[in-house]
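The structure appears right after this line, and notes come after that.
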Protein chains: 2
Amino acid sequence: MDKDAKNRLIEAAMPLFPAKGYAGVSIREIAEAAHVNSAAISYYFGGKEGLYEAVLDVLFSQIDDAIHTIDVLQEKPQEFIRHFAMMVLNIHMHNPYIMLYLYQELSHPSPYLEQIIQKHIRKAFNTIHIAISKGISAGIFKKDINIEHAVMSLAGIINFYFFMTPVRKIVLKNYDDNEKEYVQQAISIFLNGIRRDCDEKKHT
Amino acid sequence: MDKDAKNRLIEAAMPLFPAKGYAGVSIREIAEAAHVNSAAISYYFGGKEGLYEAVLDVLFSQIDDAIHTIDVLQEKPQEFIRHFAMMVLNIHMHNPYIMLYLYQELSHPSPYLEQIIQKHIRKAFNTIHIAISKGISAGIFKKDINIEHAVMSLAGIINFYFFMTPVRKIVLKNYDDNEKEYVQQAISIFLNGIRRDCDEKKHT
DNA sequence: GTCTATATTGCGATAGAC
DNA sequence: GTCTATCGCAATATAGAC
């Protein structure tokens, strides 16, 4: 069973690395969870680090795949941003580990972080950037906004919620896990917030 | 030098834990950075875990201290939210480690996470919750918004930006680090987005 | 390709001198 | 209160049998 053992190792390692931190997981532990011998990790991936890199690759490829399902050029900016947000929601619901690995990478970057950003995150950033630019040109969004900042605001308003899930479970009395409703309201706030015909009175 | 060695250990450990993960840092490494003997960690903190807990305590106490500087009851909701955001900005600029520890705790919670949330984060959440409620009662904010979701949106739009700093440095061409400008625009987007007299036309 | 056994290294904690 | 030395343990990686 060649491919099978490899895939089982990746699947088994996926939840373990963020749960205990890279250094906190032992290859024995991963091998046990995958029902393979610990020596198989060195055999297939050249060692623990190679396995970690393989997990990263599997995870972040999913972002690319998802981005390809929508086309920024063929939709109105607001519609595109809504679709994009729903796509992000979908990723979080189906694979909660992507964000955990991203956060792990951001606090202690591995040599592959830059590669991941260039390969997978930059495209998402650029796509949103284009959508907002189009909206400004079309007179839908305010023209004096900093677009790069707006992209970060959109990313934050959507993603932070998912990352804070453990906090929400403790802080919220009636925790009901309505992620879709959250994203819809968040996107409404964001789109309302950058709309051109909705200027806030300046407050000195 | 009693207190001095203790404090030096906390200061030395602060950047190391998030940089390599809890398990990835050795007590010898921390002791060396603090210019104390490694045995001092067990002597002062009862072991590595006690030192980690002490670092958490020092860091998250700062949130409490900052919250006490503004009073939700004595300001208009918008003003309060702006002040709160500037306070968060201030914390991030003066101590980048709080967020790193929060992220570390969220991906692999230590036994102290719940304690930290109850002691330090819940109050911040409740304070914002009150400000938004007041704004709704006063007819300033939309009355049909989910307040808890709105609090998460506000937290996300502000905090995510700081956490993504390493990504921003790679993705943005002219990275100029204008955090204050970011927060001001983000808050404007958020406040505009929940304003009552600014309803978005429904799509569909 | 898969296993056992092991070489080697480094860890956290502590006993005991000063 | 601070140091050295060391104990006991667990880690990764690998050699070699099957």
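Throughout, a chain's letter reflects where its sequence line sits, starting with A, and its residues are numbered from 1. Just so we're clear, the structure is a prediction, and the values are computed from it rather than from any experiment.
Computed from coordinates, the B/I41 CD1 to D/dG1 P distance equals 16 Å when rounded to whole Å. Taking atom NZ on B/K48 and atom C1' on C/dT14, their separation rounds to 17 Å, with Å as the unit. Straight-line distance from the OH atom of B/Y43 to the P atom of C/dA15: 14 Å, rounded to whole Å. If you take CZ of A/F45 and P of C/dT2, they are 12 Å apart, rounded to a whole angstrom. Atom CD of B/E32 and atom P of C/dG10 are 13 Å apart (whole Å). Across the protein-nucleic acid pair, B/L51 atom CG and C/dA13 atom C1' stand 14 Å apart, rounded to whole Å.
For B/S42, counting side-chain heavy atoms from C-beta on, the closest listed nucleotide (C/dG1, D/dA13, C/dA13) is C/dA13. Between C/dG1, C/dA13, D/dA13, one nucleotide has an atom nearer to the side chain of B/I27 than all others, and that is C/dA13.
Residues passing the salt bridge (charged side-chain N to carboxylate O under 4.0 Å, His left out) test with B/E179, sequence neighbours excluded: none.
B/K48 places a side-chain N or O within donor-acceptor distance of the main-chain N or O of B/V25, the cut-off being under 3.5 Å.
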Show the atom names and distances, to 0.1 Å, of all donor-acceptor pairs under 3.5 Å that link a side chain in residues 10-24 of chain A to residues at least two apart or in another chain.
from: A/K20; atom 1: NZ; to: A/E29; atom 2: OE2; distance (Å): 2.7
from: A/Y22; atom 1: OH; to: A/E49; atom 2: N; distance (Å): 3.3

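Rounding to the nearest 0.5 Å places NZ of A/K6 at 10.5 Å from CG of A/L51.
Proximity of A/Y44 to the phosphate of C/dT2: a side-chain N or O atom is located under 4.0 Å from OP1 or OP2.
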**Request:** Before giving the answer on side-chain hydrogen bond (donor to acceptor under 3.5 Å, both in side chains), spell out for B/Q185 and A/S153 the whole-Å C-alpha distance, their side-chain angles and the decisive distance to 0.1 Å.
**Result:** CA-CA 9 Å; B/Q185 172 173 302; A/S153 292; 5.2 Å; no
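One side chain, B/Y175 or B/D177, offers a donor N or O that lies under 3.5 Å from an acceptor on the other.
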Report all interatomic pairs (protein N or O, nucleotide N or O of nucleotides 3-10 of chain D) with separations under 3.5 Å.
from: D/dC3; atom 1: OP2; to: B/N37; atom 2: N; distance (Å): 3.2
from: D/dT4; atom 1: OP2; to: B/N37; atom 2: ND2; distance (Å): 3.3

